[in-house]
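What follows is a single structure, written as C-alpha cells, with notes after it.
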Amino acid sequence: MRNLSLLGATGSIGRSTLDLVRRYPEEVRVVGLTAHQQVAALAAVVTEFRPAVAAIADPALLPELMERVGATATELVAGPAGLEQVATLPECDTVLAAIVGGAGLAPTLAAARAGKDVALANKEALVMAGDLFLAEMAAGGGRLIPVDSEHSAVYQCLQGCRAEDVRRIILTASGGPFHGHPEIDLTTVTRAQALAHPNWSMGEKISIDSATLMNKGLEVIEARHLFISDGAEATIEVVVHPESIVHSIVELRDGQMLAQLGRPDMRGPIAYALTGPRRVAGVTERLDLTATPLHFTAPDLDRFPCLRLGFAALAAGGPLPCVLNGANETAVAAFLANRLPFTAIPAVIETAMAACTCPPPATLDEILALDSWARARASEAVAKMR
Ligand code: NAD
Ligand code: MG
C-alpha cells in the first residue's frame, strides 16, 4: 500500500492517477493533494479522497477552497510552503510529481530531500536541475521512478539487466499531429491544430511540446539523468513511431533489443510506478497486435528543430538544459496565447541558448535565477518576433 501525495491532482496525469486510486483502493491511499488554480476540481477530490493535507498554489484561492470543502478533517493550505508541506508529509511515502513545468521543481526537490519515493511525471524538474535532483534523491534515500511513458518503458526493460550491458536507449516519438503531413505549412498552424494530438490526451503544454518535438528533446535529457551514469558509453536516440504502441526500446551489448508495448494510456506507466515490480490486473485495455501495424522512421530535425536543440543542450550540459526548458515554457505560453507563430518557438529557444554565458547552476536558488534569466531572454525574443 502506497501512501501518496499527488502534486498536480487536477491535471491530466493527476486525474489518471486518481482514477487508478478509485479502481485499486487496496494499492494506494491518498494523503496529500495539490492544484494551482482549479479550486472547484481540487475541492471535489478533497471531499472524495479526504487527504490529510491539500494545498492550492494560488494563495488568493484558499478562502474559496475552504468554503467549497466545508467542514473537514483535511488541513487546507496554500502557496509554495503549502505545496512543500504536501510533498514532505510524514504520513506520505510516495510523491507523484505531476505539476507541469518549472513550477514543480521546488516541491519535487523537497520530496526528494525528505526521502520520499518520487514517481516523476514532471520531466521539466529533472531537465532543469538534473544533478541537484539526483543528489537530493541519493541523500534522501528514496527511489526515483519514471512515469513518463518512454522512461517507464526503459525502466521496465532494464529490470534484470546490468547497466554496463546497455548500448543504446531508443525513445519512441509519436511525431505529434504534423508528422507525416508535409502538406501542412507549419508557419500558419493554429493553437487548435497543434493541440490535436493523434494518440494521447494530455495537458496543453506537453501537447504543444509533442507537436514541436521539444517533448522528445526534454525526454532525451530526462533519459540521460535516469539511465546513464557519468562515463557510461550508452547512447540515446529517437525514432518516430506514429502508433505509440512501442513505448521505447533498450539495445544491449549482445545486439539484442528489449521493448515495452501497450496502448497509449498513461494509467499503464502510472500504475507500474506505484505497484512495480508487482503488476495489478486489468490496468489498461489489451492490445490486438494483428490490428496494429507498427512503423518506425527517423525524426525530421529540419522540420522540427526543437529536437535538435534538445540534443544540443544534452551534449553541452552545464546551464543549457535549464535555459532550454525555461525558454521553451515562455515560447509555448506565447504560442498558446496567439502571440507567437508555431515555427518561431525553436527560434526563441535558440536565441536564449545562444545568449547564455552563465556558469552551470549548482543550488536551487541558482537554478531558479537561471530559469528566470532564460524566460526574460525568451520574452524579449518573443516581443521582437511578433
Ligand atoms: P496539466 O496541465 O494537465 O496539469 C498540470 C497540473 O499542474 C495541474 O494540476 C495544475 O493545477 C498544476 N499546476 C500548473 N501550474 C502550476 C503552478 N504554477 N503551481 C502549482 N501547480 C501547478 O499537465 P499534464 O499533462 O498532467 O502534465 C503534467 C506533467 O506530466 C508535465 O510535466 C508533463 O510533461 C508530464 N507528462 C504528462 C503526460 C500526459 O499524458 N499528460 C505524459 C508524460 C509526462
Ligand atoms: Mg513521454
Side-chain angles (χ1 to χ4, degrees), residues 5-19 33-45 54-61 65 77-84 86-87 96-108 110 118-128 146-155 171-176 195 197 199-210 213-223 226 238 241 244 246-248 260 263-270 273 310 325 328-329 332-333 336 368 371 375:
S5 278
L6 176 55
L7 311 181
T10 54
S12 167
I13 293 287
R15 291 192 304 274
S16 293
T17 303
L18 292 175
D19 178 61
L33 294 170
T34 81
H36 184 210
Q37 290 175 318
Q38 299 87 336
V39 64
L42 181 61
V45 291
I56 184 97
D58 182 346
L61 295 170
L65 179 66
V77 297
L83 297 187
E84 200 157 312
V86 172
L96 202 150
I99 291 175
V100 60
L105 176 60
T108 306
V118 175
L120 185 76
N122 182 202
K123 67 193 86 183
E124 296 92 346
L126 194 55
V127 170
M128 292 168 78
V147 169
D148 211 351
S149 57
E150 299 76 5
H151 305 74
S152 174
V154 171
Y155 185 78
L171 302 180
T172 53
S174 69
L195 284 172
H197 197 280
N199 304 339
W200 299 93
S201 157
M202 310 181 286
E204 290 193 340
K205 192 265 181 182
I206 185 175
S207 296
I208 302 304
D209 286 347
S210 298
L213 287 197
M214 180 52 90
N215 185 46
K216 222 46 57 177
L218 298 172
E219 288 184 359
V220 294
I221 300 170
E222 180 186 15
L226 285 169
V238 170
H241 166 51
S244 299
V246 175
H247 295 308
S248 278
Q260 185 261 332
R263 285 186 183 277
D265 179 341
M266 286 306 295
R267 290 174 298 187
I270 295 168
N325 179 69
N328 180 55
E329 288 195 37
V332 169
L336 284 170
L368 295 176
D371 176 61
R375 287 168 196 258

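Quick note: residue numbers are just sequence positions, from 1. Counting starts at 1 for both ligands and their atoms, following the listed order.
Residue Ser149 does not touch ligand 1, judged by heavy-atom distances below 4.0 Å. The parts of Met202 lying near ligand 1 are both backbone and side chain, judged by heavy-atom distances below 4.0 Å. Neither the backbone nor the side chain of Lys205 comes within contact range of ligand 1; no heavy atom lies under 4.0 Å. The parts of Asn122 lying near ligand 1 are both backbone and side chain, judged by heavy-atom distances below 4.0 Å. Residue contacts with ligand 1 for Ala57 involve side-chain atoms from C-beta outward but no N, CA, C or O (heavy atoms, distance under 4.0 Å). At a heavy-atom distance under 4.0 Å, atoms from both the backbone and the side chain of Ser12 approach ligand 1.
With 3.5 Å as the limit, one finds a donor-acceptor pair spanning the side chains of Asp58 and Gln37.
The shortest contact between atom 25 (O) of ligand 1 and any protein heavy atom is with Gly203 N, 2.9 Å. Ile13 CG1, 4.2 Å is the protein heavy atom nearest to atom 27 (O) of ligand 1. Here the heavy atom of the protein found nearest to atom 4 (O) of ligand 1 is Gly11 CA, 3.1 Å. Among all protein heavy atoms, the one lying closest to atom 5 (C) of ligand 1 is Val100 CG1, 3.7 Å. Atom 36 (N) of ligand 1 has Ile206 CD1, 3.6 Å as its closest protein atom, hydrogens excluded (heavy atom only).
Remark: the backbone N or O of Gly203 is paired with a side-chain donor or acceptor of Ser207 at under 3.5 angstrom. A donor-acceptor pair under 3.5 Å is absent between the side-chain atoms of Ser244 and the main chain of Ser174, judged by distance alone. A donor-acceptor contact shorter than 3.5 Å links the side chain of Glu329 to the backbone of Gly102. With hydrogens and angles ignored, the 3.5 Å screen pairs a side-chain donor or acceptor of Thr172 with a backbone N or O of His247. Within the 3.5 Å criterion, the main-chain N or O of Val246 finds a donor-acceptor partner in the side chain of His241. Distance alone, capped at 3.5 Å, places no donor-acceptor pair between the Asp148 side chain and the Glu150 backbone.
For atom 42 (C) of ligand 1, the nearest non-hydrogen atom from the set Glu222, Met266, Gln38, Glu150 belongs to Met266. Between the choices Asn215, Val127, Ile99, Asp209, the shortest heavy-atom distance to atom 29 (C) of ligand 1 belongs to Ile99. Checking Val147, Leu7, Asp148 against atom 43 (C) of ligand 1, the nearest heavy atom belongs to Asp148. Closest to atom 16 (C) of ligand 1 by heavy atom, among Arg15, His36, Glu219, Lys123, is His36.
Taking CG of Leu65 as the reference point, atom CD1 of Ile56 lies at 5.5 Å (rounded to 0.5 Å). Going from atom CD1 of Ile206 over to atom NE2 of His197 covers 8.0 Å, rounded to the nearest 0.5 Å. Rounding to the nearest 0.5 Å places CZ of Arg267 at 12.0 Å from CZ of Arg15. Here CG of Asp371 is found 3.5 Å from CE of Met128. Values are rounded to the nearest 0.5 Å.
Checked against a 3.5 angstrom limit, the closest N/O atoms of Glu124 and ligand 1 fall inside it. Looking at Thr10 next to ligand 1, an N or O pair under 3.5 Å apart turns up. Residue Gly101 has no N or O atom closer than 3.5 Å to an N or O atom of ligand 1.
Restricting Glu150 to its N, O or S atoms, the one at the least distance from the Mg ion (ligand 2) is OE1.
The residues Lys205 and Asp209 are annotated as salt-bridged, a charged nitrogen and a carboxylate oxygen being separated by less than 4.0 angstrom.
The ligand atoms of ligand 1 that sit less than 4.0 angstrom from a heavy atom of Ala103 are 17 (C), 18 (N), 19 (N). Set against the non-hydrogen atoms of Gly8, the atoms of ligand 1 under 4.0 Å away are 6 (C), 7 (O), 9 (O). Of all atoms in ligand 1, listed by their number and element, those nearer than 4.0 Å to a heavy atom of Ala121 are 30 (O), 32 (O), 35 (C), 36 (N), 44 (C). Per-residue contacts place Ala98 under 4.0 angstrom from the following atoms of ligand 1 (heavy atoms of the residue considered): 5 (C), 6 (C), 7 (O), 28 (C). If you number the atoms of ligand 1 from 1 as listed, the ones under 4.0 Å from a heavy atom of Ala35 come out as 11 (O). Taking a cut-off of under 4.0 Å to the non-hydrogen atoms of Ala9, the atoms of ligand 1 that pass are 9 (O).
Contact analysis leaves Gly14 out of contact with ligand 1, as no non-hydrogen atom separation drops below 4.0 angstrom.
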After noting the C-alpha distance and the side-chain angles of His36 and Val100, does the key distance pass the side chain to side chain contact (heavy atoms under 4.5 Å, CB included) rule? CA-CA 10 Å; His36 184 210; Val100 60; over 6 Å; no

Show your reasoning for whether side chain to side chain contact (heavy atoms under 4.5 Å, CB included) applies to Ile99 and Thr108. CA-CA 9 Å; Ile99 291 175; Thr108 306; over 6 Å; no

For Ile221 and Lys123, run side chain to side chain contact (heavy atoms under 4.5 Å, CB included): C-alpha distance rounded to whole Å, both residues' side-chain angles, the deciding distance at 0.1 Å, then the answer. CA-CA 9 Å; Ile221 300 170; Lys123 67 193 86 183; over 6 Å; no

Steps toward side chain to side chain contact (heavy atoms under 4.5 Å, CB included) verdict (Leu105, Leu368): CA-CA 9 Å; Leu105 176 60; Leu368 295 176; 4.2 Å; yes

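Computed with the Mg ion (ligand 2) at the centre, the Asp148 OD1 to Glu219 OE2 angle is 90°, stated to 10 degrees.
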